[in-house]
Amino acid sequence: MGLFGQTTGGDSSSPLLPFYQVAAHTATAGPSAFISNRKCGRLIPRCLLLLFLLFFLMLFSSTFLYLPDISSKVQSVGKDFLVPDAGGQSHQIRRPRNQLPMPGHDHAATGNEGRIEGVLDGKVHPADENRGGEEGVKPLDGPVSTSTAAVSDVETKRRQKQIVKMMKHAWDNYVAYAWGSNELRPISKRGHNPSIFGRAKFGATIVDAADTLYLMGLMDEFKAARDWIASNLNVSQSDGEVSVFEFNIRYIGGLLSAYALSKDKMFLDKADEMANAVLPAFDTPTGIPYAVIDLKSKKSKNYGWASGSASILSEIGSLHLEWAYLSKMTGKTVYREKIDRIRNHLANIDKPKGLYPNYINPQTGKWGQVHVSMGALGDSFYEYLFKAWLWSGKTDSQAKEMYDTAMMNVELQMLKTSKGGLKYFGEYTNGRIEHKMDHLACFVGGLYGLSAPYAKDPDHYNMMGREITRTCHESYRKTATKLGPEAMRFADNVEAEGTRPNDKSYLLRPETFESYFVMWRMTKDPKYREWGWEAAQAIETYCRADFGYSGVKDVYQESPIPDDVQQSYFLAETLKYLYLLFSDDDVLSLDKWVLNTEAHPLPVQNPA
Ligand code: DMJ
């Protein structure tokens with residue numbers, strides 16, 4: 001029986017036909033109405049063939065008509081839809097659902113016209129090439145590479161450009177939605193003014209980001225930052241208590257670095273003004289400064305929570321680079337005198353088991369609670385001992401001796417190896433070790449690498465640099481987002497993982513990338529560039545919002561909730577280290593520049 005075999009002379013639309021036959025008949029009656037039923041009745045096989053051809057023709061044309069829609073969907077999903085891996089295969093990346101808006105939907109606009117090229121170390125930075133802002137800011141579109149083989153120079157250059165695009169996205173949205181505020185809230189599109197900078201809008205992101213803009217050749221943006229600083233950054237505009245430490249590393253360090261790079265004296269004058277405003281914080285019997293100061297009233301104090309209002313080691317020990325350079329550039333000895341006094345006190349005081357506790361009383365000069373850490377409260381004290389020696393042209397032997405001895409003793413007391421063979425620094429409290437290492441401590445891998453050539457046992461320092469950096473990479477590798485936790489713990493069944501709610505955030509921190517960058521420069525092992533690229537893509541996937549970059553609250557969740565803060569150090573440090581990781585060695589040569597703990601480069605004095 002043929003398809004139309006039962007239409008025995010009756011009306012083809014006869015209600016007598018069974019339902020399926022009416023449907024079939026109607027289906028062929030539209031575009032193919034020119035085929036007579038009679039003819040079909042006689043030539044059924046040929047007719048069927050024709051019908052099949054028509055069917056495929058319809059299918060093809062409808063697909064064609066829908067194509068633009070499909071392709072625009074693929075475009076809007078971008079790399080998160082299909083990402084080719086190193087082997088050329090495709091796989092899906094999971095994007096956080098509901099929390100972070102999809103990238104690429106809205107971009108803050110800044111003009112791209114009138115650019116000039118930046119010059120550094122006699123090397124011209126191709127500002128036009130670097131901008132990546134011409135066609136709007138797009139998310140990273142590169143492959144997720146798991147290979148540790150060296151990638152080509154072209155690929156490295158491409159990655160570097162992608163980091164510049166990230167900087168543009170962070171900066172442009174800060175300009176559009178938070179200009180003059182300290183930081184940006186990238187989800188709610190407004191300013192964020194954390195208490196460490198006082199109550200006023202004091203442009204922390206502008207000052208912190210300026211040298212990164214300069215290095216990346218984003219000269220229009222650098223000029224906008226420069227003009228804001230020249231017109232608006234005045235101590236008289238400050239309000240409330242600022243952290244002496246944060247003010248130093250971000251403002252004074254940022255200004256000095258912008259001065260060192262651009263030679264624009266306005267930056268030096270501002271740094272001088274800022275440091276001068278902080279001086280009253282040092283008016284203690286020991287010269288050890290208080291933690292916070294009201295820049296207007298000049299009142300200073302310590303935090304009540306800090307071991308009975310003690311000063312904090314990392315804070316009082318992270319002034320040396322900036323203040324020594326400031327003295328040298330301004331000719332004002334007062335800055336140098338302040339830091340020398342702190343240094344001498346720390347050098348001469350008795351140390352429990354050779355360790356430097358995190359708390360010290362500025363009235364008595366005695367240690368507070370014996371808590372020792374390479375992370376929060378301790379970290380950059382160790383960094384500044386070594387870097388002060390480097391900065392001095394390797395002449396500050398007191399700093400180098402203190403560094404060598406301090407590192408020997410923290411290793412003796414606090415260096416541990418996990419069951420799985422990961423090396424880490426635990427935290428020491430009165431002889432007991434807590435098996436926890438902060439993300440903040442992840443700079444230590446790079447510090448070991450940087451200091452290895454000058455160590456008594458360079459091989460040991462190199463090994464430590466590699467191993468601590470590996471541990472930090474592991475803490476990233478083990479998360480759902482491939483972002484590292486704020487703190488990692490080690491126990492019988494726990495290896496480099498955050499286990500408590502407060503451990504699990506990622507606050508756009510730079511320390512792990514700092515170590516990747518330094519270890520790359522020191523060893524040329526391509527895995528550090530690969531690790532940095534993996535992390536950049538993880539940031540792009542999980543931290544990028546429509547209006548900037550946000551930290552996330554739980555790196556172990558596939559759809560982490562954003563914290564809605566774009567930290568100023570993300571522009572000062574995180575993106576700068578990633579940019580430098582994909583740069584040639586003569587961009588901020590480590591023989592000529594020392595980076596402060598906020599990644600603000602200062603020129604080495606009388607390099608050997
Ligand atoms: C930065 O401000 C500095 O790196 C500081 O030394 C530690 N904390 C942040 C970044 O995590």
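Atom set for the values below is all heavy atoms of this structure, side chains included, hydrogens, waters and symmetry mates excluded. Please read these numbers as outputs of a predicted model, since none were measured by experiment.
A cation-pi geometry, defined here as NZ or CZ lying under 6.0 Å from the six-membered ring centre and within 45° of its normal, holds between Lys189 and Phe547.
The backbone N or O of Gln237 lies less than 3.5 Å from no partner atom in the side chain of Asn234, so there is not a single donor-acceptor pair. Between the side chain of Thr284 and the backbone N or O of Pro289 there is no donor-acceptor pair closer than 3.5 Å. Judged purely by atom type and a 3.5 angstrom limit, Lys416 has no side-chain atom pairing as donor or acceptor with the backbone of Lys423. Judged purely by atom type and a 3.5 angstrom limit, Thr429 has no side-chain atom pairing as donor or acceptor with the backbone of Arg432. The main-chain N or O of Pro603 is found under 3.5 Å from a side-chain atom of Gln605 such that the two form a donor-acceptor pair. Remark: side-chain polar atoms of Glu273 are paired, donor with acceptor, to backbone N or O of Val235 under 3.5 angstrom. Remark: side-chain polar atoms of Asn193 are paired, donor with acceptor, to backbone N or O of Asn182 under 3.5 angstrom. Looking only at distances, a side-chain donor or acceptor of Ser373 sits under 3.5 Å from a matching main-chain atom of Gly375. In this structure a side-chain-to-backbone donor-acceptor pair under 3.5 Å is present from Ser392 to Thr395. Without hydrogens or angle criteria, Asp564 side chain to Ser188 main chain gives a donor-acceptor distance under 3.5 Å.
The distance between the ring centers of Tyr549 and His169 falls below 6.0 angstrom. Aromatic rings of Phe381 and Tyr356 (six-membered ring for Trp) have centroids within the 6.0 Å cut-off, being under it.
Listed here is the closest heavy atom pair of Thr469 and Ser515: OG1-CB, 3.7 Å. Nearest heavy-atom pair, Thr286 versus Gln363, reported as atom, atom and distance to 0.1 Å: CG2-O, 3.8 Å. For the residue pair Leu321 and Lys387, the shortest heavy atom distance occurs at CD2-O, 3.5 Å. The two residues Val278 and Leu295 have their closest heavy-atom pair at CG2-CD2, 4.0 Å. Annotation for His320 and Ala388: closest pair CD2-CB, 3.9 Å, computed over non-hydrogen atoms. Among all heavy-atom pairs drawn from Cys543 and Val552, the shortest one is SG-CG1, 4.3 Å.
Relative orientation of the Tyr448 and Phe425 rings is parallel, given thresholds of 30° and 60° on the angle between their planes. Between Tyr424 and Phe490, the ring-plane angle classifies as parallel under the 30° and 60° cut-offs. Ring orientation note: the planes of Trp228 and Trp179 are nearly perpendicular, at an angle over 60° on the 30°/60° scale. Ring geometry, Trp305 versus Tyr359: the interplanar angle exceeds 60°, so the pair is classed perpendicular (tilted spans 30 to 60°).
Using a 4.5 Å heavy-atom cutoff, the side chains of Lys332 and Trp323 are not in contact. Side chains of Met374 and Asp379 form no contact here, defined as non-hydrogen atoms less than 4.5 Å apart. When side chains are defined from C-beta on, Met407 counts as touching Tyr461, because their heavy atoms get closer than 4.5 Å. Annotation: side chain of Phe245 is not in contact with side chain of Val292 (no heavy-atom distance under 4.5 Å). Considering only heavy atoms from C-beta on, Tyr516 stays 4.5 Å or farther from Leu578 through its side chain. Counting only heavy atoms from C-beta outward, the side chains of Ile539 and Met166 approach each other to under 4.5 Å. A heavy-atom distance below 4.5 Å is not found between the side chains of Ser505 and Pro485.
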For this session: Begin with the C-alpha distance, continue with both residues' side-chain angles, and end with the deciding distance and a verdict on ring pair (Phe, Tyr, Trp, His ring centres under 6.0 Å) for Phe202 and Phe197.
Result: CA-CA 7 Å; Phe202 216 52; Phe197 306 119; 8.7 Å; no
For this session: Let me see the working for His371 and Leu377 under side chain to side chain contact (heavy atoms under 4.5 Å, CB included), right down to the final yes or no.
Result: CA-CA 9 Å; His371 173 243; Leu377 308 175; 4.3 Å; yes
Problem set entry | side-chain hydrogen bond (donor to acceptor under 3.5 Å, both in side chains) assessment of His439 paired with Glu486 | CA-CA 5 Å; His439 190 291; Glu486 178 69 356; 5.6 Å; no
For this session: Please test Trp391 against Phe386 for ring pair (Phe, Tyr, Trp, His ring centres under 6.0 Å), starting from the C-alpha separation and ending with a verdict.
Result: CA-CA 9 Å; Trp391 175 84; Phe386 178 71; over 10 Å; no
For this session: Before giving the answer on side-chain hydrogen bond (donor to acceptor under 3.5 Å, both in side chains), spell out for Ser568 and Thr205 the whole-Å C-alpha distance, their side-chain angles and the decisive distance to 0.1 Å.
Result: CA-CA 5 Å; Ser568 78; Thr205 295; 4.9 Å; no
Exercise. Do Tyr476 and Phe513 pass the ring pair (Phe, Tyr, Trp, His ring centres under 6.0 Å) test, and can you show the C-alpha distance, the side-chain angles, and the key distance before you say yes or no?
Worked result: CA-CA 11 Å; Tyr476 277 60; Phe513 315 142; 5.8 Å; yes
Problem set entry | Residues Gln566, Arg185; criterion side-chain hydrogen bond (donor to acceptor under 3.5 Å, both in side chains); working and verdict | CA-CA 6 Å; Gln566 179 175 283; Arg185 286 196 179 277; over 6 Å; no
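Qualifying salt bridge (Lys or Arg N to Asp or Glu O under 4.0 Å) partners for Lys400, counting only residues two or more places apart in sequence or in other chains: Asp404. Judged as a ring pair (Phe, Tyr, Trp, His ring centres under 6.0 Å), and not counting sequence neighbours, Tyr325 has no contacts. Under the salt bridge (Lys or Arg N to Asp or Glu O under 4.0 Å) criterion, Asp554 pairs with no residue, sequence neighbours left out. Residues satisfying the ring pair (Phe, Tyr, Trp, His ring centres under 6.0 Å) criterion with Phe222, sequence neighbours excluded, are Tyr214, Phe267. Legend: residues meeting ring pair (Phe, Tyr, Trp, His ring centres under 6.0 Å) with Trp520, ordered by chain and number and at least two apart, are absent. For Lys299, there are no side chain to side chain donor-acceptor pair (under 3.5 Å) partners at least two apart in sequence or on another chain.
With salt bridges taken as basic N to acidic carboxylate O contacts below 4.0 Å, one links Lys436 and Asp438. For Lys298 and Asp294, the salt-bridge test fails: no basic side-chain N is under 4.0 Å from an acidic carboxylate O. Note on Glu241 versus Arg199: no salt bridge recorded, every NZ/NE/NH1/NH2 to OD/OE distance being 4.0 Å or above. A salt bridge is defined here as a Lys NZ or Arg NE, NH1 or NH2 lying under 4.0 Å from an Asp or Glu carboxylate O, and Glu573 with Arg509 fails to meet this definition. Using a cutoff of 4.0 Å between basic side-chain nitrogens and carboxylate oxygens, Lys576 and Asp211 are scored as salt-bridged.
For Lys296, the NZ atom is densely surrounded, since the number of other residues' heavy atoms within 6.0 Å is greater than 12. More than 12 heavy atoms of other residues, nucleotides or ligands lie within 6.0 Å of CG in Asn430, so this atom counts as buried by the packing criterion. Remark: Asn502 CG is loosely packed, at most 12 non-hydrogen atoms of other residues, nucleotides or ligands lying under 6.0 Å away. Within a 6.0 Å sphere centred on NZ of Lys351, heavy atoms belonging to other residues, nucleotides or ligands number more than 12.
For the atom pair CG of Asn409 and NZ of Lys353, the computed distance is 10.5 Å after rounding to the nearest 0.5 Å. Atom OG of Ser550 is separated from atom CG of Leu184 by 9.5 Å, given to the nearest 0.5 angstrom. Note that the OG1 atom of Thr405 and the CG atom of Leu355 stand 11.5 Å from one another [nearest 0.5 Å].
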